[in-house]
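The structure presented is a predicted model; accordingly, all values stated were derived computationally and were not measured.
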Amino acid sequence: MSTASSTTESDRDQRTGIYVYGIVTADVEPEPHAQGIGDPPAEVGVVRHGEIAALVSEVTLDRPLGMPDDLTAHARLLDGTAAVAPVLPLQFGGVVTDTEAVEKELLAPNHDQFRNALNDLEGRAQYVIRGRYTENTVLQEILDENADAARLRVEIRDKPEDATRNERIRLGEIINQEIEAKRAADTRRVAAALSDLDPTVRERQPTHEEDAVHLALLLELSREDELLQALTELGEEWAERVRLNLIGPMAPYDFVTAGEVPE
């Protein structure tokens, strides 16, 4: 009986590992309803060392990580934590053998570095501002401002594509260049409008050709209402020209990271 039980325990250990989400201060406790990755979602725990800790859960190793639900659960836990406590996000997919490895291989060697980074984040979280041009509005704006674009638009109107291929290519190039210039100017406009809030700002690459603004901010959580007010005023100023969206608070992915879990 004892031999069979030992084998079963060994097999179980080989099929599981400890997934690490991020680094927090040692006084953080997971919310009772916090859920990790897996199906069903794993219970989230904490491994502590000194003044810091890691948010972890047990995962089975007989299924690949990286399903959409896994990515969502990873971000949901980190973002929920960032709303109430500083957190250093780890890259998705970090798995170690057991909780002892979390402490000895991740927390202990990096204790002071992680503690100082968490101190710098106290009371702050990341927000992301996305703005997208209203297609018809920005196109008309470009035609009104750029004589070459307006002329080319007239030349190709009601004519076959094959007969106006070069003109259409040139018009597309002008529109793309004008949108890039407008994006740069409008991004500066947003950053200037938020300067009184004293955020740390990182410009993100556009993910769509009609993106007007894509900024990440590291901001005091206590100033969220001021951020919302500033964006509301910008939205009213731009009316139908740009649609603004705010995402956050979230973990400070664009500003700090605890890197990868040691293999």
Side-chain angles (χ1 to χ4, degrees), residues 1-118 121 125-126 128 207 247-263:
M1 283 290 290
S2 61
T3 301
S5 175
S6 175
T7 301
T8 300
E9 182 67 19
S10 176
D11 290 344
R12 186 192 70 81
D13 290 343
Q14 293 175 11
R15 293 197 307 270
T16 63
I18 300 298
Y19 186 92
V20 189
Y21 300 88
I23 308 301
V24 293
T25 53
D27 58 349
V28 168
E29 292 284 354
E31 294 289 338
H33 61 272
Q35 295 181 332
I37 65 174
D39 185 16
E43 181 180 351
V44 178
V46 177
V47 177
R48 294 182 174 84
H49 179 83
E51 298 178 59
I52 62 173
L55 297 172
V56 302
S57 68
E58 188 175 85
V59 292
T60 59
L61 303 180
D62 54 1
R63 62 179 289 272
L65 295 174
M67 302 298 288
D69 287 348
D70 294 337
L71 296 167
T72 299
H74 180 91
R76 183 173 57 235
L77 178 64
L78 290 172
D79 295 346
T81 303
V84 295
V87 57
L88 304 177
L90 278 155
Q91 294 181 13
F92 176 82
V95 179
V96 296
T97 53
D98 52 34
T99 55
E100 183 178 0
V102 173
E103 182 178 7
K104 292 186 176 180
E105 298 174 20
L106 177 62
L107 299 181
N110 301 289
H111 179 274
D112 292 349
Q113 175 188 345
F114 288 166
R115 180 195 58 199
N116 292 338
L118 289 167
L121 287 171
Q126 176 171 317
V128 171
T207 59
I247 306 170
M250 61 174 61
Y253 305 104
D254 287 71
F255 300 92
V256 296
T257 177
E260 299 179 351
V261 174
E263 296 182 356

- Query: Which pairs, with at least one residue in residues 40-55 and sequence neighbours excluded, count as a salt bridge (Lys or Arg N to Asp or Glu O under 4.0 Å)?
  - Reply: Glu29-Arg48, Glu51-Arg115
- Could you go through the side-chain contact (heavy atoms from CB on, under 4.5 Å) check for Val59 and Val95 one step at a time? CA-CA 8 Å; Val59 292; Val95 179; 4.2 Å; yes
With rounding to the nearest 0.5 angstrom, report the [atom1] to [atom2] distance, [X] to [Y].
{"X": "Glu103", "Y": "Asp98", "atom1": "CD", "atom2": "CG", "answer": "10.5 Å"}
{"X": "Phe114", "Y": "Ile52", "atom1": "CZ", "atom2": "CD1", "answer": "6.0 Å"}
{"X": "Ile18", "Y": "Glu58", "atom1": "CD1", "atom2": "CD", "answer": "5.5 Å"}
{"X": "Leu106", "Y": "Thr99", "atom1": "CG", "atom2": "OG1", "answer": "12.5 Å"}

- Task: Determine, stepwise, if the pair Asp69 / Asp39 fulfils side-chain contact (heavy atoms from CB on, under 4.5 Å).
- Result: CA-CA 9 Å; Asp69 287 348; Asp39 185 16; over 6 Å; no
- Query: Counting only N and O atoms by type, is there a donor-acceptor contact under 3.5 Å from the side chain of Gln126 to the main-chain atoms of Asp254?
  - Reply: yes
- Message: For Gln113, is there any backbone N or O sitting under 3.5 Å from a side-chain donor or acceptor partner on Asn110?
- Response: no
- Task: For Asp79, check salt bridge (Lys or Arg N to Asp or Glu O under 4.0 Å) against everything at least two apart and list the hits.
- Result: none
- Message: My understanding is that only one of Val87, Val44, Thr72 makes a side-chain contact (heavy atoms from CB on, under 4.5 Å) with Leu77; could you say which?
- Response: Val44
- Task: Please say which of Val56, Leu90, Leu65, Val102 ends up in a side-chain contact (heavy atoms from CB on, under 4.5 Å) with Tyr19.
- Result: Leu65
Which atom names give the shortest non-hydrogen contact between [X] and [Y], and what distance separates them?
{"X": "Pro249", "Y": "Ala83", "answer": "CG-CB, 3.9 Å"}
{"X": "Pro41", "Y": "Gly36", "answer": "CB-O, 3.6 Å"}
{"X": "Val96", "Y": "Ala101", "answer": "CB-CB, 4.2 Å"}
{"X": "Gly66", "Y": "Leu71", "answer": "O-CD1, 4.1 Å"}
{"X": "Leu107", "Y": "Val47", "answer": "CD1-O, 3.3 Å"}
{"X": "His111", "Y": "His49", "answer": "CD2-O, 3.3 Å"}

- Task: Determine, step by step, whether Leu118 and Leu88 satisfy the side-chain contact (heavy atoms from CB on, under 4.5 Å) criterion, reporting the C-alpha distance in whole Å, the side-chain angles of both residues, the deciding distance to 0.1 Å, and the verdict.
- Result: CA-CA 7 Å; Leu118 289 167; Leu88 304 177; 3.7 Å; yes
- Quick one: are Pro30 and Val46 in side-chain contact, heavy atoms under 4.5 Å? yes
- May I ask you to check whether Tyr21 and Thr81 show a side-chain donor-acceptor distance below 3.5 Å? no
- Item | Intermediate values then yes/no, side-chain contact (heavy atoms from CB on, under 4.5 Å), Leu61 and Arg15 | CA-CA 5 Å; Leu61 303 180; Arg15 293 197 307 270; 5.5 Å; no
